[in-house]
Amino acid sequence: QVQLVESGGGLVQAGGSLRLSCAASGRTFSTYAMGWFRQAPGKERDVVTAINWSGSNTYYTDSVKGRFTISRDNAKNMVYLQMNSLKPEDTAVYYCAAGAGSWLRIKKDEYNYWGQGTQVTVSS
């Protein structure tokens, strides 16, 4: 069982930055792949970025490449999402997710545990 708690969301102007954090419970955190998803009102929950157990393999959806960076600290059971050059279209609820198994995955059906989400609002 893994419990995930996101933090770091908020209101920021376009061009600004935010850093989201996801704290995970459990002693087997390093065996899980992690991902960040987002869901805007009236839209599906889509993958933003994902990372494998060691951090050696990452994925970014095209719209955030070069602006967002995912990282993890297995010693602290933490995953981070650094978001730079934010745009109004990045506005959404951001969710942290954990998938059992060390390999990277990008489909939400492959994730077993989800946080409660944190709101990110980017004003123009």
Side-chain angles (χ1 to χ4, degrees):
Q1 187 79 8
V2 175
Q3 292 184 323
L4 305 171
V5 179
E6 303 99 333
S7 61
L11 173 64
V12 64
Q13 289 187 331
S17 298
L18 283 174
R19 188 194 195 204
L20 304 185
S21 298
C22 175
S25 66
R27 292 176 287 180
T28 59
F29 174 73
S30 63
T31 66
Y32 285 80
M34 301 297 296
W36 286 96
F37 290 72
R38 65 186 178 188
Q39 187 168 19
K43 294 190 176 181
E44 295 288 323
R45 187 176 300 188
D46 293 324
V47 66
V48 176
T49 179
I51 191 167
N52 70 335
W53 74 277
S54 67
S56 63
N57 195 12
T58 58
Y59 165 85
Y60 296 92
T61 194
D62 286 346
S63 62
V64 308
K65 285 180 180 177
R67 301 189 297 123
F68 290 12
T69 303
I70 189 172
S71 61
R72 66 187 295 164
D73 185 337
N74 288 340
K76 296 181 178 179
N77 282 17
M78 296 291 295
V79 179
Y80 305 99
L81 179 59
Q82 179 66 44
M83 303 186 295
N84 298 328
S85 302
L86 282 161
K87 304 175 181 179
E89 51 264 44
D90 294 318
T91 295
V93 177
Y94 283 71
Y95 296 90
C96 175
S102 60
W103 62 94
L104 181 147
R105 76 287 305 274
I106 63 173
K107 296 180 180 179
K108 57 181 179 285
D109 292 346
E110 296 179 295
Y111 284 85
N112 308 97
Y113 303 102
W114 294 83
Q116 82 288 351
T118 185
Q119 177 71 46
V120 171
T121 303
V122 184
S123 62
S124 57

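Only a predicted model underlies this, so the values are computations on that prediction, with no experimental measurement involved. These values consider heavy atoms only, across backbone and side chains, with no hydrogens, waters or symmetry-generated copies.
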* **Between CD on residue Gln119 and OG1 on residue Thr91, distance to nearest 0.5 Å** => 7.5 Å
* Structure fact -> Sorted by chain and number, sequence neighbours left out, side-chain contact (heavy atoms from CB on, under 4.5 Å) with Ser17 holds for Gln82, Asn84
* To do: Determine whether Tyr95 and Leu4 make a side-chain contact, defined as any pair of heavy atoms from C-beta on separated by less than 4.5 Å.
  => no
* Closest contact, heavy atoms only, Tyr94 versus Asp90 -> OH-O, 2.6 Å
* What distance separates Ile106 CD1 from Tyr59 OH, expressed to the nearest 0.5 Å? -> 4.5 Å
* Asked: Hey, does Met83 have a side-chain heavy atom less than 4.5 Å from the side chain of Val120?
  -> yes
* Tyr113 vs Gln1 side-chain heavy atoms within contact, under 4.5 Å -> yes
* Decide ring pair (Phe, Tyr, Trp, His ring centres under 6.0 Å) for Trp114 and Phe37; before the verdict, give the C-alpha distance in whole Å, the side-chain angles of both, and the deciding distance to 0.1 Å. => CA-CA 10 Å; Trp114 294 83; Phe37 290 72; 4.9 Å; yes
* Asked: Can you name the residues that form a side-chain contact (heavy atoms from CB on, under 4.5 Å) with Glu44, not counting sequence neighbours?
  -> Asp46, Lys108
* Structure fact -> Nearest heavy-atom contact between Ala92 and Arg38 is CB-CB, 3.8 Å
* To do: For Glu6 and Gly115, work out which heavy atoms get closest and say how close.
  => OE2-CA, 3.2 Å
* Does Arg67 count as lying over the ring of Tyr60, i.e. NZ or CZ under 6.0 Å from the six-ring centre, within 45 degrees of the axis? -> no
* **Considering all heavy atoms, the nearest Ala14-Ser124 contact** => CB-CA, 4.4 Å
* So if you build clusters from Ile, Leu, Val, Met, Phe, Trp, Tyr with side-chain heavy-atom gaps below 4.5 Å, do Val122 and Leu18 land together? -> yes
* **In one Ile/Leu/Val/Met/Phe/Trp/Tyr side-chain cluster, 4.5 Å: Val47, Leu86** => no
* Have a look at Tyr80 and tell me which of Leu20, Asp73, Ile70 forms a side chain to side chain contact (heavy atoms under 4.5 Å, CB included) with it. => Asp73
* When clusters are formed by joining ILVMFWY residues with side-chain heavy atoms under 4.5 Å apart, either directly or through shared neighbours, do Leu104 and Leu81 land in the same one? -> no
* What residues, two or more places apart in sequence or in another chain, satisfy side-chain contact (heavy atoms from CB on, under 4.5 Å) together with Lys43? -> Ala40
* Is it the case that one hydrophobic cluster holds both Phe68 and Val12, taking links as side-chain heavy atoms less than 4.5 Å apart, direct or via other members? -> yes
* Asked: To the nearest 0.5 Å, what is the distance between OG1 (Thr118) and CD (Gln116)?
  -> 7.0 Å
* With a 4.5 Å heavy-atom cut-off, do Phe29 and Asn74 have their side chains touching? -> yes
* Asked: Can the positive tip of Arg105 be found less than 6.0 Å from the middle of the six-membered ring of Trp103, inside 45° of the ring normal?
  -> yes
* Can you name the nearest heavy-atom pair linking Ser30 to Arg72, along with the distance? -> CA-NH2, 4.0 Å
* Asked: What closest approach, in Å, do Met34 and Cys96 show between heavy atoms, and which atom pair accounts for it?
  -> CE-SG, 3.6 Å
